[in-house]
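Shown next, in structure tokens, is the structure this report addresses.
Whatever order the structure lists them in is the order used to number ligands and atoms, beginning at 1. Residue indices begin at 1 and follow the sequence shown.
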Amino acid sequence: MVLLTGGAGYIGSHTAVELINAGYDVVIADDLSNSEESVMERIGRITGKTPAFRRIDVADGAALEALFGEFEIDSVVHFAGFKAVGESVAQPIKYYRNNLDTTLTLLETMKRFGCRRVVFSSSATVYGEDNPSPYVEEMPEGRCTNPYGWTKFMVERIMTDAASADPEMSVVLLRYFNPLGAHESGLIGEKPNGIPNNLMPYITQVAAGIREKLSVFGNDYDTVDGTGVRDYIHVVDLAKGHVKALEYAEKNTGTEIFNLGTGRGTSVLEIVDAFERVNGVKIPYEFAPRRAGDIASFYADPSKAERVLGWRAEKTIDDMCRDSWRWQKGC
Ligand code: UFG
């Protein structure tokens with residue numbers, strides 16, 4: 001059985017769908033701090049199989065111990081963690097406490113139960129601001145621009161050290177680029193608490209009339225049209241990358257790192273244009289100052305994941321815009 005910590009969230013729920021579709025038994029542990037229990041039933045509607053669910057905080061050692069006692073867990077995909085970049089700058093201790101505690105408690109419990117396989121939800125943010133794009137896995141990690149990023153950096157280090165000390169352990173670190181979109185059923189997607197930080201949830205809320213207009217943060221970057229460039233990847237493609245990573249972890253020991261991105265950069269204005277064209281809705285926007293901590297442009301070299309895992313992103317920016325809007329309309 002595969003344990004998904006934080007499996008009720010945006011990327012976790014899509015990964016649950018793909019793992020179940022691939023024949024895995026899944027148990028989800030989530031404290032529902034940024035998700036809802038109704039996701040389980042929705043995963044069930046998509047796959048025909050509702051995953052087991054326990055509402056626990058993964059940093060709660062006794063609760064996690066009980067979970068490992070109840071289910072025969074042979075692999076873990078670790079998503080649980082706080083992820084709002086701006087909040088991490090304002091409340092760094094909260095981020096370090098939560099993101100590190102969950103990981104340490106998880107690794108201790110895994111060790112006690114002889115579970116030695118973990119796939120971690122890391123981020124391209126660990127490349128920092130000084131590495132040039134495209135980012136390749138062999139680059140030295142950079143200086144992260146915020147505490148959230150540093151927690152990803154630290155968890156990568158902790159897991160790598162754990163695997164070095166245990167020759168039977170298998171760690172796969174997945175460095176995500178920018179996930180967008182939603183499941184094409186419209187049943188699961190991203191549901192941010194409060195005002196969205198990320199680009200696409202903000203755009204869909206403008207399209208739905210919840211927000212008046214998009215602020216485009218910076219139009220004087222050295223990019224195709226002056227706005228920020230990112231490597232946007234459809235969340236279903238990203239989820240499928242986890243299935244491949246788990247298959248890899250089943251056959252190998254040690255630590256391996258993979259970028260999950262498309263290798264293509266897209267600007268903010270290109271996303272706005274695509275969204276308007278695909279969905280036939282207008283997105284009013286205005287230019288605003290650059291957002292602190294943002295960098296002009298970054299994108300992946302995804303060739304290692306293709307070579308080693310046999311995985312590549314298939315879906316387009318148009319798919320991401322269409323699926324994000326379908327999900328928002330159903331909310
Ligand atoms: N943007 C706007 N207006 C908005 C929101 C975003 O113009 O209202 C722009 C940003 O300036 C940036 C682009 O849209 O150029 C993407 O911004 P996001 O906030 O969606 O994503 P980021 O690239 O800033 O952050 C993402 C993840 C983080 C991760 C980071 C680095 O959200 O988890 O990539 O990998 F740390």
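- Under the ring-ring contact (aromatic ring centres under 6.0 Å, His included) criterion, Phe217 pairs with no residue at all, not counting sequence neighbours.
- Within 4.0 Å of ligand 1, protein heavy atoms come from Ser123, Ala124, Thr125, Tyr148, Asn178, Asn197, Asn198, Leu199, Leu214, Ser215, Val216, Phe217, Gly228, Arg230, Tyr232, Val268, Arg291, Asp294, Phe298.
- Relative ring orientation between His242 and Tyr176 is described as tilted, the plane-to-plane angle lying within the 30° to 60° band.
- Contacts of Asn198 classified as side chain to side chain donor-acceptor pair (under 3.5 Å), with partners at least two apart in sequence or in another chain: none.
- Of the candidates Glu141, Arg175, Glu137, Tyr127 forms a side-chain hydrogen bond (donor to acceptor under 3.5 Å, both in side chains) with just one, namely Arg175.
- Residues forming a side-chain contact (heavy atoms from CB on, under 4.5 Å) with Asp231 (at least two apart in sequence, or on another chain): Phe177, Thr262, Tyr299, Ala300.
- Listed here is the closest heavy atom pair of Gly181 and His234: CA-NE2, 4.3 Å.
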